[in-house]
Every structure is written in structure tokens, then in C-alpha cells.
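Take a look at the structure below.
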Amino acid sequence: MLLSAILIQAAASIGLVKVGAAISAAIAVIGAAYGIGKIGSKAMESIARQPEAASDIRTSMIIIGALVEGAALFAIVICFLTLVL
């Protein structure tokens, strides 16, 4: 506990917290973009294989994409709160 407090104070004085927050926000955005891209490509593959289920697949794709985007937004908010607090 004491070592982590010392490391946090050292990182804050150097400014590494801002760099870490920016990198982690970028990783969250890249991960979300990759995940939503995979969701879209797999949904299009499954619609091509079974066109009669297109509406169900599209609905599921939109719901899952929204959940991934929500998780990414939450991660970005946490990163920006790190900068402020």
C-alpha cells in the first residue's frame, strides 16, 4: 500500500498520469472500433448465409454494438477523470 502511494505521487509529479490516461483512452477507442467492426462483419456473414433471419441478426448486432460502445465510453470517461482528479 505504501509503495503504491509513493509510485502514484512520483508519477503525478512527473506528469506520467496524463500520458497514461491518453494512452489508455486511445486503447479503449481502438478496442471498441475493432470490436464493432468484427460484430458488423460477422453479422453480414450470417445474413449472407441465412437471409431470412436478417432482421433478428441486425437487431442483435445493433444491441451488441451499443453495449460495446457504452463500455468504451465508460473507459474513456474514467481516463479523463484521471486527468482531472
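Keep in mind it's a predicted model, so treat the numbers as computed, not measured.
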In residues 71-85, what donor-acceptor pairs under 3.5 Å come from side-chain atoms, sequence neighbours left out?
{"unit_1": "Thr82", "atom_1": "OG1", "unit_2": "Ile78", "atom_2": "O", "d": "2.9"}

In residues 20-27, what donor-acceptor pairs under 3.5 Å come from side-chain atoms, sequence neighbours left out?
{"unit_1": "Ser24", "atom_1": "OG", "unit_2": "Gly20", "atom_2": "O", "d": "2.9"}
{"unit_1": "Ser24", "atom_1": "OG", "unit_2": "Ala21", "atom_2": "O", "d": "3.0"}

Please set out all donor-acceptor pairs under 3.5 angstrom arising from side-chain atoms of residues 34-57, sequence neighbours excluded.
{"unit_1": "Ser41", "atom_1": "OG", "unit_2": "Gly37", "atom_2": "O", "d": "3.4"}
{"unit_1": "Ser41", "atom_1": "OG", "unit_2": "Lys38", "atom_2": "O", "d": "3.0"}
{"unit_1": "Ser46", "atom_1": "OG", "unit_2": "Lys42", "atom_2": "O", "d": "2.9"}
{"unit_1": "Ser46", "atom_1": "OG", "unit_2": "Ala43", "atom_2": "O", "d": "3.0"}

**Report entry** Partner set under side-chain contact (heavy atoms from CB on, under 4.5 Å) for Ile62, not counting sequence neighbours
**Finding:** Arg58

Query raised in the report: Members other than Leu67 in its cluster, when Ile, Leu, Val, Met, Phe, Trp, Tyr link by side-chain heavy atoms under 4.5 Å?
Result: Ile63

